[in-house]
**Q** 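Pasting in a structure now, in structure tokens, and then I'll have a few things to ask.
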Amino acid sequence: MEAFHLLSRGGVQFDKHKYNKDVQLFNSTRGSDKGKSADRSAVGQLPAELDFFKYAAAPESTSTKRKASEAGDAGRTEKKKKQRQGEDRDVDEDEDAESAPEDPSSSTSPPMPRHKVTTKGSNVPPHAETFEALRERYSIPSHIMSNLKEYGYTVPTGIQSYGAPILLESRDMAAISPTGTGKTLSYLLPVMTALGVPASSAKSGAGAGVRAVVLAPTRELAHQIHNECLKLAQGRKWRIVLFSKATAATLADKSVRDKVDIIISTPLRLVAALNSGHVELHNVRHLILDEADRMLDSEFLSQVREVVDACTHDNLQKAVFSATLPAGAEKIAMDMLRDPIRVVVGLKDTPLPLIAQSLTYVADDPSKLPTLLTYLSQPYNPPVLVFASSQPRATSLAEELVLHAVPNVDCLHAGMTKKEREDAVSRMRRGESWVMVSTEVMARGMDFKGVREVINYDFPQSVQSYIHRIGRTGRAGREGKAITYFTDEDAPYLKSIANVLLQSGSQVPEWILKLPKPSKLKRKQMGKVKRAEAVNPARRVGRSEAIKKRDMIAGSQRRKERVRMVPEVPQEEDRRSTGEEPVS
DNA sequence: AAAAAAC
């Protein structure tokens with residue numbers, strides 16, 4: 001009823017006064033970006049999703065200034081900087097990060113936080129300080145080099161400068177590098193270099209069948225990797241296939257599938273194609289597991305094993321990547337790899353120090369919604385990513401926010417249709433979502449570089465989940481903010497999360513640190529805590545009704561697009577690297 | 001160590 005009124009007057013209203021400050025910020029950053037976007041016009045034709053080279057593009061100054069506008073945050077920003085400097089002194093031995101003084105653009109590039117890099121294994125190849133050094137050593141194809149250059153990609157990140165040589169020397173690798181530090185390029189660049197020329201090329205002696213496979217845990221992430229791969233591939237006729245029902249069907253023709261160079265897929269999708277005989281993997285020479293710990297946990301493991309076993313080529317190179325790799329998963333990974341090199345960038349299982357993390361006590365579940373509404377009624381930095389623990393809770397929360405007239409609310413979980421999911425992602429990419437409510441599906445790998453705040457509405461189920469969730473912000477050298485709500489019921493797990501905050505330089509109230517270590521019994525109880533499906537207990541809705549309301553949320557989004565009161569892209573970094581007009 | 005995601 002209430003929702004109907006909202007929708008009938010044209011969707012959620014935009015409160016200019018409330019968000020005035022943000023609008024001004026958007027405007028001012030746009031202007032300052034003029035010169036830069038001009039020289040990137042050549043890539044303007046690319047869809048917004050093809051947003052690969054963002055790591056090169058973020059001027060740090062804007063994020064710092066932006067934060068400074070919030071008095072409360074200013075002090076913390078300063079503190080963060082000091083901490084970062086302190087960390088450099090302590091652990092930095094990675095000197096390549098600033099080693100391109102001859103490059104004029106390096107002064108505007110954000111200094112990627114410098115991390116200690118440790119390697120373990122036999123005959124570790126030396127790291128490469130620049131992409132040019134990589135090219136000289138391993139003859140990176142010229143079209144790849146020019147793609148890097150064209151997008152202003154100048155200095156490799158830690159994992160790129162250490163990891164790429166290892167892969168280029170055909171070694172197996174387990175790579176652990178924090179969220180938002182460019183892991184994807186660190187494997188795509190070597191794999192595409194090793195493939196040499198596309199299989200469709202006449203002079204290719206590639207043999208028949210796909211030669212590289214990348215596995216990722218969610219459709220959205222596979223899609224994102226595919227887009228990044230397409231960018232590197234520009235200028236050559238690579239056949240890079242994002243696996244879906246539709247593309248799998250097109251591969252029924254053997255002459256088509258024999259010319260495919262790279263497949264990017266979720267595990268089950270690929271296993272299904274394997275079983276139906278629509279794909280063979282005996283020619284695969286490079287197998288990459290992204291988000292490796294997720295891929296190796298119990299639900300995915302057997303599927304991943306099937307794929308690995310189907311890759312029977314003698315020279316199969318395997319590599320696994322993640323920001324987190326718990327001991328159990330690492331053991332499984334190491335057993336899969338032969339003579340592996342293990343690379344750790346930064347401190348294992350520690351988020352980036354430039355994410356300002358905090359914990360907020362909310363007593364019980366019903367108190368969360370008012371807390372969030374209050375938070376969103378004050379100026380905040382959109383877009384905000386809000387994590388809920390289940391699909392119904394995500395739906396219900398998004399619906400509550402819409403009913404309370406929060407502007408530009410969006411929802412994304414795996415219970416939605418493929419198209420709904422794709423639409424939600426592209427609204428997010430275009431900066432049209434201000435508050436994105438989601439489940440774990442968005443927790444890993446997704447690179448919305450504009451995300452400035454993460455709110456854990458529901459407490460994360462594990463330290464790994466926490467690290468990946470908050471890693472959706474603070475990407476590629478930018479600052480970010482992460483707030484985690486906790487209730488009395490979450491107490492057993494609170495301390496382990498608090499330790500993560502401490503390790504990465506955020507403050508934790510004294511009393512939380514004094515909590516006893518959770519006992520095994522308590523942990524078991526944790527699992528038994530069942531949260532209500534509806535976020536607002538006063539408004540319980542049935543499943544079918546929830547879906548209807550979700551559609552209404554989507555409807556209100558469409559309406560708003562017409563009204564166009566929202567800045568198309570919330571900040572200059574997005575504007576620069578997404579190009580001008582996204583091709584839907 | 002548990003929910004979500006994978007078709």
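What you see is a predicted model; the values in this text were computed from it and never measured. Excluded from the calculations below are hydrogen atoms, water molecules and symmetry mates; all remaining heavy atoms, backbone and side chain alike, are included.
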**Q** Quick one: side chain to side chain donor-acceptor pair (under 3.5 Å) partners of A/Lys245, sequence neighbours excluded?
**A**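 Result, side chain to side chain donor-acceptor pair (under 3.5 Å) vs A/Lys245: none returned.
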
**Q** Distance check needed: B/dA4 C1' versus A/Gln461 CD, whole Å only.
**A**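 After rounding, the gap between these two atoms is 9 Å.
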
**Q** Between A/Ala388 and A/Lys245, which is nearer to the 5' end of DNA chain B once each is assigned its nearest nucleotide?
**A**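 The 5'-side residue here is A/Ala388.
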
**Q** What's the CD-C1' distance between A/Gln391 and B/dA2, to the nearest Å?
**A**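 In whole Å, B/dA2 C1' lies 15 Å from A/Gln391 CD.
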
**Q** Is the phosphate of B/dA5, meaning OP1 or OP2, less than 4.0 Å from a side-chain N or O of A/Arg421?
**A**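 For B/dA5, neither OP1 nor OP2 has a side-chain N or O of A/Arg421 closer than 4.0 Å.
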
**Q** Whole angstrom is fine here: how far is it from NE2 in A/His468 over to C1' in B/dA1?
**A**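 After rounding, the reported distance stands at 15 Å.
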
**Q** Below 4.0 angstrom from OP1 or OP2 of B/dA3, is there any side-chain N or O of A/Arg393?
**A**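 Indeed not, no polar side-chain atom of A/Arg393 lies that close.
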
**Q** Output yes when A/Asp458 and A/Lys368 qualify as a salt bridge under the 4.0 Å nitrogen-oxygen rule, no when they do not.
**A**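 Here A/Asp458 pairs with A/Lys368 in a salt bridge, since their nearest N and O are under 4.0 Å apart.
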
**Q** To the nearest angstrom, how far is A/Ile497 atom CD1 from B/dA1 atom C1'?
**A**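 Result: 13 Å.
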
**Q** Knowing that exactly one of A/Leu242, A/Ile264, A/Val191 qualifies, which makes a side-chain contact (heavy atoms from CB on, under 4.5 Å) with A/Val214?
**A**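 Considering A/Leu242, A/Ile264, A/Val191, a side-chain contact (heavy atoms from CB on, under 4.5 Å) with A/Val214 is found only for A/Ile264.
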
**Q** Please determine, for the side chain of A/Glu299, which listed nucleotide (B/dA6, B/dA4, B/dA1) has the closest atom?
**A**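 So the side chain of A/Glu299 is nearest to B/dA4.
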
**Q** Would you say A/Thr266 reaches B/dA5's phosphate, i.e. side-chain N/O to OP1/OP2 under 4.0 Å?
**A**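 No, because none of the side-chain N or O atoms of A/Thr266 sits under 4.0 Å from OP1 or OP2 of B/dA5.
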
**Q** A/Ala272 near the nucleic acid: base, sugar-phosphate alone, or nothing, with a heavy-atom cut-off under 4.0 Å?
**A**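 Counting heavy atoms under 4.0 Å across all strands, no contact is made by A/Ala272.
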
**Q** Between B/dA5 atom C1' and A/Arg269 atom CZ, what is the distance in whole Å?
**A**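 Atom-to-atom, A/Arg269 to B/dA5, this comes out as 15 Å.
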
**Q** Could you tell me the separation between the CG atom of A/Asp293 and the P atom of B/dA3, rounded to a whole number of Å?
**A**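 Going from CG in A/Asp293 over to P in B/dA3 covers 18 Å.
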
**Q** As a test of reading the structure: which of B/dA3, B/dA1, B/dC7 is closest to the side chain of A/Gln464, going by heavy atoms?
**A**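 Minimum distance to the A/Gln464 side chain belongs to B/dA1.
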
**Q** Side chain of A/Arg294 only, heavy atoms from C-beta on: which candidate in B/dA1, B/dA4, B/dC7 is closest?
**A**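 Of the candidates, B/dA4 comes closest.
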
**Q** Would you say A/Thr439 reaches B/dA3's phosphate, i.e. side-chain N/O to OP1/OP2 under 4.0 Å?
**A**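 No, A/Thr439 has no side-chain N/O under 4.0 Å of OP1/OP2 on B/dA3.
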
**Q** Rounded to whole angstroms, how far apart are CZ on A/Phe300 and C1' on B/dA6?
**A**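 Atom CZ in A/Phe300 sits about 4 Å away from atom C1' in B/dA6.
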
**Q** Heavy atoms, side chains only, cut-off 4.5 Å: are A/Leu401 and A/Leu373 in contact?
**A**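 A side-chain contact under 4.5 Å exists here.
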
**Q** Atom CZ of A/Arg469 to atom P of B/dA3: distance rounded to whole Å?
**A**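 Computing the A/Arg469:CZ to B/dA3:P distance gives 13 Å.
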
**Q** Contact class for A/Pro267 (heavy atom, under 4.0 Å): base, sugar-phosphate, or nothing?
**A**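 Nothing, no heavy atom under 4.0 Å.
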
**Q** Hey, which of these two, A/Ser389 or A/Pro326, hits DNA chain B nearer its 5' end, going by closest nucleotide?
**A**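 The residue mapped nearer the 5' terminus is A/Pro326.
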
**Q** Report yes if some heavy atom in the side chain of A/His115 is under 4.5 Å from a heavy atom in the side chain of A/Leu352; otherwise report no.
**A**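 SC-SC contact between A/His115 and A/Leu352 confirmed.
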
